[in-house]
S.K.: 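Here you go, one structure.
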There are 2 protein chains.
Amino acid sequence: MADSIVDSLKAGGKKLTKPRQAILAILESNALPVTAAEVHARLKKAHAHMDLATVYRNLTMLQELGLVDPVGLREGQMRYEVRHGREHHHHIQCRGCGRIVDLMLCPIKKLTELVEAQTKFAVEGHSLEFFGWCPQCR
Amino acid sequence: MADSIVDSLKAGGKKLTKPRQAILAILESNALPVTAAEVHARLKKAHAHMDLATVYRNLTMLQELGLVDPVGLREGQMRYEVRHGREHHHHIQCRGCGRIVDLMLCPIKKLTELVEAQTKFAVEGHSLEFFGWCPQCR
DNA sequence: GCGGTGTTGCAAGTGATTTGCATTTAACAC
DNA sequence: GTGTTAAATGCAAATCACTTGCAACACCGC
């Protein structure tokens, strides 16, 4: 596991329990954002079964520490992905099969100033997702 | 109610029932995206009480017809707004008070080609939301 | 090894959204 | 108008994602 993650946990007064390590291992092994249920299922497959509530509690906590990013794709459930070692990016999801693909681009940085000028808000984050049809489904 | 809405309903084989008209009236009177529960509450205030399930069924159907757009702000519930007579736009929400403000801008049109080239997907839609702190809360 | 605090498992609880079904109602033809 | 029929509604129950209370447990620093 990445040192930066261990350090952040320690700095946040969090312990490095066995279930937590297993969750982080799953998250780090996944390139794409996963749901709590998916993490839970993959943990079970990896013989690291734990309660679903533990998965949820950890995902929430990791998000608060800024170690994972939430990804909302209007699926009725949240997805999460580790931040460590990954560039800021977005996603596109196929409306046919649900497949998710990373988009290594972000047009937002340039826009923040404009949004702040228009709204007087202090912009702190954004979400951007694309929807469409993948080559197999269209 | 706008003719274009009536026409779309008819074209979709949908009836113009009294509950449905009341829902559309509420939606058209709201500048900002609303939740099903909010629609339900405002209907009650307007002496047009109906079952919450009816509100959900109508919002889903109106979305399928393309008459309303879903807006997901990671609140654990969906919001909806009528499309008729409104320009394509996005939103910013305050992390303090939850206030939502329209953003009459969209950097995505120019990006669609790039996304399609990178992914081979046919892009059909996108969601873009900003989060931050409003003048009162920051 | 001990103590204290953060964690976990389990079971129960929430809150949003959906569904089955019997009853009603708009829409359209006669 | 009246009848016909497909769509829509109300009501109750169900589902699904997620959260919470609490007692037992496991890290971590000393």
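As the structure is a prediction and not an experimental result, all values here were calculated from the model. Throughout, protein chains are lettered first and strands after them, A, B, ... in sequence-line order, and every chain is numbered starting at 1.
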S.K.: Is it true that a side-chain atom of A:E38 and a backbone atom of A:T35 form a donor plus acceptor pair closer than 3.5 Å?
M.R.: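 Side chain of A:E38 to backbone of A:T35, a donor-acceptor pair under 3.5 Å: yes, one is there.
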
S.K.: Testing B:D69, B:V71, B:V39, B:N30 one by one against B:R79 for a side-chain contact (heavy atoms from CB on, under 4.5 Å), which residue passes?
M.R.: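 Single pass found, and it is B:V71.
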
S.K.: In whole Å, I'd like the distance from the CG atom of B:L52 to the C1' atom of D:dA14.
M.R.: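 Result: 15 Å.
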
S.K.: In whole angstroms, how far is the P atom of C:dC10 from the NE2 atom of A:H49?
M.R.: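 Result: 7 Å.
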
S.K.: Of B:D51 and A:A53, whose nearest nucleotide on DNA chain D comes first from the 5' end?
M.R.: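 Mapping each residue to its closest nucleotide by heavy atoms, the 5'-most match is B:D51.
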
S.K.: Taking atom P of D:dT20 as reference, at what distance in whole Å does atom CZ of A:R57 sit?
M.R.: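 Nearest whole value for this atom pair: 10 Å.
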
S.K.: Do B:Q136 and B:R99 have side-chain atoms, one donor and one acceptor, less than 3.5 Å apart?
M.R.: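 The criterion, which ignores hydrogens and geometry beyond distance, is satisfied for B:R99 and B:Q136.
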
S.K.: Among the nucleotides C:dT8, C:dT18, D:dG10, which one has an atom lying closest to any side-chain atom of B:T60?
M.R.: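 In terms of side-chain proximity for B:T60, the closest of C:dT8, C:dT18, D:dG10 is C:dT18.
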
S.K.: Mapping B:T17 and B:Y80 onto DNA chain C by nearest heavy atom, which one lands closer to the 5' end?
M.R.: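 Looking at the nearest nucleotide for each, B:Y80 comes out on the 5' side.
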
S.K.: Atom CD of B:Q77 to atom C1' of C:dT14: distance rounded to whole Å?
M.R.: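 Rounding to the nearest Å, CD of B:Q77 and C1' of C:dT14 are 13 Å apart.
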
S.K.: Would A:H126 and A:H90 count as having a side-chain donor-acceptor pair, cut-off 3.5 Å?
M.R.: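 Result is yes, a qualifying pair exists.
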
S.K.: What is the distance, to the nearest angstrom, from the NZ atom on B:K10 to the P atom on C:dA27?
M.R.: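 Checked: the NZ to P distance equals 7 Å.
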
S.K.: Taking only the side-chain nitrogens and oxygens of B:Y56, find out if one of them lies under 4.0 Å from OP1 or OP2 of C:dT17.
M.R.: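 Yes, within the criterion.
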
S.K.: Could you check how far CD of B:E75 sits from C1' of D:dA17, rounded to whole Å?
M.R.: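 Rounded to the whole Å, the gap is 16 Å.
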
S.K.: Rounded to whole Å, how long is the line connecting atom NZ of B:K18 with atom P of C:dA27?
M.R.: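 The answer, rounded to whole Å, is 13 Å.
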
S.K.: To the nearest Å, how far apart are B:R20 CZ and D:dA7 C1'?
M.R.: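 Value for this atom pair: 8 Å.
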
S.K.: From the set C:dT7, D:dA8, C:dG9, return the single nucleotide nearest to any side-chain atom of A:K15.
M.R.: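 Nucleotide nearest to A:K15's side chain: C:dT7.
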
